[in-house]
Amino acid sequence: MDATDMDVEVNEQHNRIIPDTSSSSKRFALKNSIQTNFGDDYVFQIVPKEDWTTMAVSLSSNSVKLYSPVTDGTLRAWDTRSYQQVSCLNAGPSQEIFSFSFGGSGDNLLAAGCKSQILFWDWRNKKQVACLEESHMDDVTQVHFVPNEKNKLISASIDGLICTYDTSGEINDDDHLESVINVGTSIGKVGLFGGTYEKLWCLTHIETLSIWDLKESRVDANFEDARSLASNSWSLDHVDYFVDCHYSAVDERLWVIGGTNGGSLGYFPVGYAEGMRSILSPEAVLHGGHGVVVRSVLPSPTMRSVMNNKKQNQNQNQTEGIFGWTGGEDGRLCCWLSDNSSDINQSWISTSLVEKHPKNRKKKRHQPY
């Protein structure tokens, strides 16, 4: 074959008519996705049960997990003694539950944020008793009953609104919405604090922090530059995100917990009283346990004594000397010890949850939805 023949063949290939499939192909929408494991494990195969009530999914971590393709948007309760499911509440088809909370005057209500709705069940008989669907226009990311006012519920949403409801009596949108706070951007996480839980902290999906007076629906402090303030207060890498906030009622102190993409964390004190607006140098730094984004932080009940550098009593329970636990996108669960413990600056890592992955696979922070 000479050059001329080759040119003719190439031209014929490029001139071939490719049918337009835009009108004949049917497009499909993603209903939802499930994170099958902690790390970068991948799915080998999906095999259904004969009646399609269960799917078996094999993973690269040499584990097999069972999923139900016919159920969605469920809340399940488990007996930790027998590891058996004891209750299942269904939010309905095509629903996804982002947050839930127990409360009510008799501690019998279960509230859940589902899309732009807030659903309520009576936990005693497992029946749905109410649905609020006019307060929010987008996914309800947080619901919290106020600890000292069991009838009061707080909700927060991607639409930027924080709503307060009175859940006594027959719950409805018209009569039970008490107040609305407009944060102005998508809300990721909120928490109640203060002596009578009159204050509220709010972390957004663009990594800003704000402090609110809940009873007055008034902003006490707005930290639009929270990451920059935190980054400037320590010598480690730039703070890329915030994981959570932690409040000590005894010390009347609030910390915002910021992290880097390299897995380091800092507990940054937040100043917000009397017009003051500051994020100070971290009083605790967790470094060396994770190599990627940290998604969750659980402080130990003894964290206050650790922060105050008090001596630990050897006869106290096994949680003494433990600062807290963290979980990251690397699949690691890290337990952090205080400086007063025998293993200074060491972290225990649950390597059984981690599988080795190819070096060329890129790490990225998972989106919340």
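The structure presented is a predicted model; accordingly, all values stated were derived computationally and were not measured.
Not a single donor-acceptor pair under 3.5 Å links the side chain of Thr204 to the backbone N or O of Ile187. For Asp220 (side chain) and Ile211 (main-chain N/O), no donor-acceptor pair under 3.5 Å exists by modelled atom type. Although no hydrogens or angles enter the test, the distance criterion places a donor-acceptor pair under 3.5 Å between the side chain of Glu207 and the main chain of Phe242. Of the possible donor and acceptor atoms, none in the side chain of Asn108 sits under 3.5 Å from a partner among the backbone N and O of Arg124. Remark: the backbone N or O of Glu170 is paired with a side-chain donor or acceptor of Asn172 at under 3.5 angstrom. The closest donor-acceptor contact from the side chain of Thr260 to the backbone of His238 lies at 3.5 Å or more, if one exists at all. At distances below 3.5 Å, at least one donor-acceptor pair connects side-chain atoms of Gln142 with backbone N or O atoms of Val190. Between the Ser63 side chain and the Leu59 main chain, no donor and acceptor come within less than 3.5 Å of each other. Checked by atom type and distance alone, the side chain of Asp138 never pairs as donor or acceptor with a backbone atom of Ile158 at under 3.5 Å. At distances below 3.5 Å, not a single donor-acceptor pair connects side-chain atoms of Arg76 with backbone N or O atoms of Cys88.
Note that CD of Gln85 is 11.5 Å distant from CG of Asp79, once rounded to the nearest 0.5 Å. Distance CG/Asp175 to CG/Asp166: 10.0 Å, rounded to 0.5 Å. Rounding to the nearest 0.5 Å gives a distance of 7.5 Å between CD of Glu96 and CG of Asp72. In this structure, Leu109 CG and Ser101 OG are separated by 10.0 Å, a value rounded to the nearest 0.5 Å. Summarising the geometry, atom CD1 belonging to Ile257 is positioned 5.5 Å from atom CG belonging to Asp244; distances are rounded to the nearest 0.5 Å. Here Asn90 contributes atom CG and Lys126 contributes atom NZ; the two are 14.5 Å apart, rounded to the nearest 0.5 Å.
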Exercise. Checking side chain to side chain contact (heavy atoms under 4.5 Å, CB included) for the pair Val270/Trp201: CA distance, chi angles, key distance, verdict?
Worked result: CA-CA 11 Å; Val270 180; Trp201 57 261; over 6 Å; no
Exercise. Is there a side chain to side chain contact (heavy atoms under 4.5 Å, CB included) between Phe120 and Leu132 once you walk through the steps?
Worked result: CA-CA 9 Å; Phe120 294 86; Leu132 301 178; 3.7 Å; yes
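Annotation for Phe100: atom CZ does not count as buried by contact number, only 12 or fewer foreign heavy atoms lying within 6.0 Å. By the 6.0 Å contact criterion, NZ on Lys49 is open, its count of non-hydrogen atoms from other residues, nucleotides or ligands being 12 or less. Other residues, nucleotides and ligands contribute over 12 non-hydrogen atoms within 6.0 Å of the OH atom of Tyr272. Dense packing is recorded around CD of Gln117, with more than 12 heavy atoms of other residues, nucleotides or ligands lying under 6.0 Å away. Other residues, nucleotides and ligands contribute only 12 or fewer heavy atoms inside 6.0 Å of the CD atom of Glu252.
For the pair Lys150 and Ser105, the minimum side-chain heavy-atom distance is 4.5 Å or more. For the pair His176 and Thr167, the minimum side-chain heavy-atom distance is 4.5 Å or more. Contact check for Asn261 versus Tyr241: side-chain heavy atoms found under the 4.5 Å cut-off. Looking at Leu153 and Ile118, their side chains come closer than 4.5 Å, going by heavy atoms from C-beta outward.
Taking the six-membered ring wherever Trp is involved, the centroid distance between the rings of Tyr267 and Phe323 falls below 6.0 Å.
Each of Ser233, Ser278, Cys245, Ser281 was scored for a side chain to side chain contact (heavy atoms under 4.5 Å, CB included) with Phe268, with one residue passing: Ser233.
For the residue pair His287 and Ser264, a side-chain donor N or O sits within less than 3.5 Å of a side-chain acceptor on the partner. Asp251 and Ser248 share a donor-acceptor pair across their side chains, judged by distance under 3.5 Å alone.
Relative ring orientation between Tyr247 and Phe193 is described as tilted, the plane-to-plane angle lying within the 30° to 60° band.
A salt bridge links Asp213 to Lys199: at least one charged side-chain nitrogen sits closer than 4.0 Å to a carboxylate oxygen.
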